[in-house]
Asks: 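Dumping the structure here so I can ask a few things about it.
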Amino acid sequence: MTGSLTVIGLGPGDPRWLTPAATAALDAATDLVGYGPYVGRVAERAGLVRHASDNRVELDRARHALDLAAAGRAVAVVSGGDPGVFAMAAAVFEALEDARPEWASVDIRVEPGITAVLAAAAKLGAPLGGDFAVMSLSDNLKPWDVVTRRLEAALAADFVVALYNPISKARPWQLGEALKLAGRHRAADAPVAFARAIGRADEAIRVLPLAEAEMAATTADMATLVLIGASGTRTVGGADGRRFLYTPRSVGRMP
């Protein structure tokens, strides 16, 4: 008997941002697999077996999900945001490279979700109106020199840059270094947004000039999305004194 495996994006936190397709896949699942806090976001119900695990065992989690599906279960593998952005979809397909014969007929699907960067951008206005790059500052799966080389290239190309996983207890210095690097390519008053826990009860958003953002780097955490504006990113006023951050789609010729 062959089951199914659906990799699901739960979105950034607000249950209204869960897609109908993702909801249907969760409702059909017999088994729920994922990092503990993400599994905890799915409501308990009769008949649903929960398999929660630690954050750093993605491949083991993917193999376990594939084994469950090969045994005939309807498995939902959950990630926050979108499962294809620094999340479990890549781990599932990497695990498939083991080419175990029992996995060959498992029906695998990916259901998209709203990413943290898109949710944060919507709250801010339209900072992703032009070209942008999305990066993870974590060096758990790639060397720090690769992180800085890619970040330097994105900044030099004048992309808006969104940073996931900006800081943790194990690496409290990396965001400060990234913003210092940004200072070589951006003016001191370039806007930097700190968007924390978007879509959750403790949501908080700050927009600071780059010079102040460097000093505020240690106030971020793993729930924070940091967005560094391009040279053309600017603010505009709205109702009740609200300020929106946006990047025009039009770009002048480079000198």
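Source: prediction; values computed, not measured. The first residue in the sequence is number 1, and the count goes up from there.
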Asks: Does a side-chain heavy-atom distance below 4.5 Å link V33 with L68?
Replies: yes

Asks: Between K142 and S136, which heavy-atom pair has the shortest distance, and what is it?
Replies: NZ-O, 3.1 Å

Asks: Is there a side chain to side chain donor-acceptor pair (under 3.5 Å) between D98 and W103 once you walk through the steps?
Replies: CA-CA 9 Å; D98 291 350; W103 294 346; over 6 Å; no

Asks: Any side-chain to backbone donor/acceptor pair from R50 onto V42? Under 3.5 Å, distance only.
Replies: yes

Asks: From L5 CG over to M88 CE, what is the distance, rounded to the nearest 0.5 angstrom?
Replies: 8.5 Å

Asks: Can any side-chain N or O of R234 pair as donor or acceptor with the backbone N or O of G232 at less than 3.5 Å?
Replies: yes

Asks: Count the heavy atoms belonging to other residues, nucleotides or ligands that lie under 6.0 Å from CZ of R16, then report whether that count exceeds 12.
Replies: no

Asks: Establish, from distance only, whether the side-chain atoms of R109 and T6 form a donor-acceptor pair under 3.5 Å.
Replies: no

Asks: Taking the six-membered ring for Trp and the full ring for Phe, Tyr or His, determine whether the centres of F86 and Y164 are under 6.0 Å apart.
Replies: yes

Asks: So, do R196 and I205 sit near enough that their side-chain heavy atoms are less than 4.5 Å apart?
Replies: no

Asks: With no hydrogens and no angle check, just 3.5 Å: does a side-chain donor-acceptor pair link T115 and D82?
Replies: no

Asks: Flag the pair D14 and R200 as a salt bridge only when some basic side-chain nitrogen lies within less than 4.0 angstrom of an acidic carboxylate oxygen.
Replies: no

Asks: With a 4.5 Å cut-off on side-chain heavy atoms, are V106 and L96 touching?
Replies: no

Asks: Where do Q174 and I167 land on the side chain to side chain contact (heavy atoms under 4.5 Å, CB included) test, with the steps shown first?
Replies: CA-CA 6 Å; Q174 289 177 332; I167 197 168; over 6 Å; no

Asks: Any side-chain heavy-atom pair from L32 and V78 closer than 4.5 angstrom?
Replies: yes

Asks: If you round to the nearest 0.5 Å, how far is CG of L137 from CG of L163?
Replies: 4.5 Å

Asks: Run the numbers on R206 and T219 for side chain to side chain donor-acceptor pair (under 3.5 Å), then give the verdict.
Replies: CA-CA 11 Å; R206 291 178 295 158; T219 65; 2.7 Å; yes

Asks: About how many Å separate CG of L10 and OH of Y38, when rounded to the nearest 0.5 Å?
Replies: 8.5 Å

Asks: Less than 4.5 Å apart, any side-chain heavy atom of Y35 and any of R61?
Replies: yes

Asks: Is the shortest heavy-atom distance from the side chain of L155 to the side chain of R184 under 4.5 Å?
Replies: no

Asks: State whether the number of non-hydrogen atoms from other residues, nucleotides or ligands found under 6.0 Å of R243 atom CZ is greater than 12.
Replies: yes

Asks: Contact between V77 and I8 at the side-chain level, heavy atoms closer than 4.5 Å - yes or no?
Replies: no

Asks: Scan side-chain atoms only and decide if D145 and T148 contain a donor-acceptor pair under the 3.5 Å cut-off.
Replies: no

Asks: Taking it one step at a time, do L179 and L210 satisfy side chain to side chain contact (heavy atoms under 4.5 Å, CB included)?
Replies: CA-CA 7 Å; L179 292 173; L210 177 56; 4.1 Å; yes

Asks: After noting the C-alpha distance and the side-chain angles of S231 and D158, does the key distance pass the side chain to side chain donor-acceptor pair (under 3.5 Å) rule?
Replies: CA-CA 7 Å; S231 62; D158 201 20; 2.5 Å; yes

Asks: Mind checking the CG-CD1 spacing from L118 to I198? Nearest 0.5 Å is all I need.
Replies: 12.0 Å

Asks: Could you give the distance from CG (L26) to CG (L18), rounded to the nearest 0.5 Å?
Replies: 6.0 Å

Asks: Could I get the full list of salt bridge (charged side-chain N to carboxylate O under 4.0 Å, His left out) partners for D189, not counting sequence neighbours?
Replies: none

Asks: Under 4.0 Å between a side-chain nitrogen and a carboxylate oxygen: does that hold for K180 and E177?
Replies: yes

Asks: Just so I know, are the side chains of E203 and K123 near enough to count as touching, which here means a heavy-atom distance under 4.5 Å?
Replies: yes

Asks: After noting the C-alpha distance and the side-chain angles of F93 and V110, does the key distance pass the side chain to side chain contact (heavy atoms under 4.5 Å, CB included) rule?
Replies: CA-CA 11 Å; F93 293 117; V110 180; 3.9 Å; yes

Asks: Between T30 (side chain) and A74 (backbone), is there a donor-acceptor pair under 3.5 Å?
Replies: yes

Asks: Rounded to the nearest 0.5 Å, what separates atom OG in S138 from atom CZ in R171?
Replies: 4.5 Å

Asks: Can you tell me if CZ on R150 sees more than 12 non-hydrogen neighbours from other groups inside 6.0 Å?
Replies: no

